[in-house]
Amino acid sequence: MLVQMWYPITVATISREFKKILAKHLKATSGSLEGLDFKLHDFGYRGVSSQESAALGGAAHLVNFCSTDTVAGLLMAQRYYSCPMAGFSIPAAEHSTIISWGRSREKEAFESLLDQFPSGPVSVVSDSYDIFKACKHIWGDKLKERVMERSEDSTLVIRPDSGDPAETIIEVIKILEDCFGSSMNSMGYKLLPSYLRIIQGDGIDLHSVEEILMKLSDEGWSAENVFFGAGSALLQKLNRDTLHCAFKCSYVETNGKGMDVYKQPVTDPSKGSKRGRLSLRRNSDGFIETVERGVGKPEEDMLVTVFENGSILQEYTLEEIRKNARLWEEDLSPSQHNQDSPKAEELHQKHIMNGMH
Ligand SMILES: O=P(O)(O)OC[C@H]1O[C@H](OP(=O)(O)OP(=O)(O)O)[C@H](O)[C@@H]1O
């Protein structure tokens with residue numbers, strides 16, 4: 001079992017890195033973290049190798065967010081982590097439900113979704129033919145009044161799904177502003193009317209989400225205007241080396257005599273393993289670090305035995321895990337996310353690898 005743990009650990013960590021980026025921009029451009037838990041939707045079900053991966057990865061994402069289409073993750077959280085409903089989704093069109101109306105009837109396809117879901121949010125993929133014309137001529141003209149009738153609780157979420165994500169979103173949001181107007185929030189950033197939002201679900205990873213949010217704020221737009229969906233970058237485009245995750249023997253006892261063991265290959269010092277009895281503590285800088293060779297103080301040790309000799313000794317609810325994984329104030333520090341600075345990025349990567357919380 002131990003050797004399979006890298007996968008949910010890695011997904012949960014990447015998902016939490018998304019959350020840090022989203023939190024930083026949301027706070028800076030809206031003054032609050034309201035709605036953060038719904039900012040990154042799990043679109044990964046179709047892109048993983050199995051139902052089991054979907055369950056493990058989907059549940060790992062739910063440690064940080066409440067927004068998902070990966071039902072297998074919800075079932076896992078229900079069955080093993082005592083959470084009746086860990087995440088939510090909204091009615092959403094996908095390309096087949098738009099293009100089956102035919103190219104000349106895209107407006108009718110959109111309208112039928114407004115008819116079918118008059119209350120509550122609805123997401124409509126709008127790039128089947130021309131996202132810019134769809135926003136300007138259909139949403140912003142032919143269906144403008146239908147869109148404006150919708151309330152804050154019944155938001156129309158327009159989904160671009162192709163092209164360069166940052167450039168496309170900027171162009172889309174400008175077209176929507178021309179058609180529907182915008183207001184200014186308390187932080188001085190622009191906001192589309194409350195019945196209108198955008199979700200970008202194509203090409204989303206840790207780098208693109210940062211780039212999009214930077215561009216939006218540079219152009220004066222609040223992060224409140226957008227939601228994101230991530231599929232493969234969240235659940236599939238990762239491996240055991242993404243976070244350098246490996247389990248190694250560090251201590252053995254023979255005839256009652258203990259011995260520290262480790263590997264230290266001359267051909268690659270980075271593959272050296274930790275030695276002796278290990279413990280985990282939070283150091284004075286706030287970082288979590290491993291203490292080797294049995295010298296850690298038991299009272300500082302954060303490790304808990306949860307599984308031993310085939311028995312589960314400690315169970316956790318999703319609620320407890322979410323609490324442990326909550327963001328800290330320093331997680332929102334800009335220096336950790338400034339992708340323009342190689343040093344900051346290196347530090348950021350190091351923090352991920354050190355499991356900094
Ligand atoms: O994060 P990702 O793994 O890219 O998943 C998200 C993408 O998946 C879907 O499209 P899909 O790839 O099924 O079809 P498309 O190439 O026609 O958009 C969806 O429309 C997104 O574009």
Side-chain angles (χ1 to χ4, degrees), residues 7-8 10-19 21-22 38-62 64-74 87-103 106 109-110 113 117 121-135 138-139 156-173 197-213 226-239 242 339:
Y7 176 66
T10 307
V11 174
T13 305
I14 289 172
S15 162
R16 192 168 179 277
E17 291 302 306
F18 270 111
K19 193 170 185 177
I21 296 169
L22 288 157
F38 292 91
K39 280 285 173 193
L40 184 69
H41 200 82
D42 177 354
F43 276 2
Y45 209 157
R46 79 189 68 190
V48 287
S49 59
S50 65
Q51 292 288 339
E52 194 181 30
S53 298
L56 290 165
H61 173 66
L62 291 169
N64 306 294
F65 290 93
C66 298
S67 199
T68 189
D69 274 1
T70 304
V71 176
L74 294 171
F88 304 91
S89 187
I90 62 171
E94 70 113 34
H95 287 108
S96 67
T97 61
I98 302 295
I99 59 178
S100 51
W101 286 75
R103 185 172 185 137
E106 194 178 28
F110 289 177
L113 285 151
F117 303 103
V122 61
S123 156
V124 185
V125 67
S126 303
D127 78 321
S128 299
Y129 312 107
D130 186 329
I131 178 71
F132 309 119
K133 285 186 180 154
C135 289
I138 303 179
W139 294 124
L156 168 68
V157 187
I158 294 177
R159 179 156 76 93
D161 195 44
S162 46
D164 177 88
E167 284 170 19
T168 307
I169 286 196
I170 295 288
E171 200 167 337
V172 162
I173 206 166
R197 292 288 179 263
I198 298 168
I199 183 166
Q200 175 71 34
D202 183 50
I204 292 305
D205 59 24
L206 287 171
H207 288 281
S208 65
V209 91
E210 172 86 42
E211 189 195 340
I212 293 166
L213 290 167
V226 290
F227 295 88
F228 295 94
S232 44
L234 188 63
L235 299 190
Q236 184 72 21
K237 254 189 238 172
L238 43 98
N239 60 39
T242 305
Q339 305 293 324

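Because the structure is predicted, anything quoted here is derived from the model rather than measured. For ligands, and for the atoms within them, numbers begin at 1 and follow the listed sequence.
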#### Entry: Protein heavy atom at shortest distance from atom 18 (O) of ligand 1
Asp161 OD2, 3.4 Å

### Query
Of the protein's non-hydrogen atoms, which lies at the shortest distance from atom 5 (O) of ligand 1, and what is that distance?
Gly231 CA, 3.9 Å

### Summary
In ligand 1, the atoms that come under 4.0 Å of a heavy atom of Arg159 are 19 (C), 20 (O)

### Query
Does Lys237 have a non-hydrogen atom less than 4.0 Å from ligand 1?
no

#### Entry: Stepwise side-chain contact (heavy atoms from CB on, under 4.5 Å) check, Ile138 with Glu106
CA-CA 8 Å; Ile138 303 179; Glu106 194 178 28; 3.6 Å; yes

### Query
Do Ser89 and His41 have side chains that get closer than 4.5 Å, going by heavy atoms?
yes

### Query
How close do Pro121 and Ile90 get, heavy atom to heavy atom, and via which atoms?
CG-CG2, 3.6 Å

### Query
So which of Leu234, Asp42, Leu22 actually passes side-chain contact (heavy atoms from CB on, under 4.5 Å) with Phe65?
Leu22

### Query
Of the non-hydrogen atoms in Ala93 and Val124, which two are nearest, and what is the gap between them?
CB-CA, 4.1 Å

### Task
Provide the closest heavy-atom pair for Pro8 versus Ala60 in the form atom of the first, atom of the second, distance.
O-CB, 3.4 Å

### Message
Among all the protein's non-hydrogen atoms, which is closest to atom 10 (O) of ligand 1, and how far away is it?
### Response
Arg46 NH1, 4.0 Å

### Query
Which ligand 1 atoms does Ser232 reach within 4.0 Å, using its non-hydrogen atoms?
1 (O), 2 (P), 3 (O)

### Task
Evaluate the ring planes of Phe38 and Phe88, with Trp represented by its six-membered ring, and classify them as parallel (under 30°), tilted (30 to 60°) or perpendicular (over 60°).
tilted

### Query
Out of Ile21, Ile198, Ile212, which residue meets the side-chain contact (heavy atoms from CB on, under 4.5 Å) rule with Phe228?
Ile212

### Query
Within the structure, does at least one protein heavy atom fall under 4.0 Å of atom 20 (O) of ligand 1?
yes

### Message
My question is simple, although I want it checked carefully: is atom 2 (P) of ligand 1 less than 4.0 angstrom from any protein heavy atom?
### Response
yes

### Task
Work out whether the distance between some heavy atom of Gln236 and some atom of ligand 1 is less than 4.0 Å.
no

### Summary
What one should report as the nearest heavy-atom pair of Glu211 and Ala166 is OE2-CB, 3.9 Å

### Query
Should you measure from each heavy atom of Asp202, which atoms of ligand 1 turn up under 4.0 Å away?
22 (O)

### Message
Please determine whether any non-hydrogen atom of Gly201 lies less than 4.0 Å from an atom of ligand 1.
### Response
yes

### Task
Measure the distances from the heavy atoms of Ile204 to every atom of ligand 1 and state whether one is below 4.0 angstrom.
no

### Message
Could you check whether atom 16 (O) of ligand 1 has a protein contact, counting only heavy atoms that fall below 4.0 angstrom?
### Response
no

### Query
Distance below 4.0 Å between atom 13 (O) of ligand 1 and any protein heavy atom?
yes

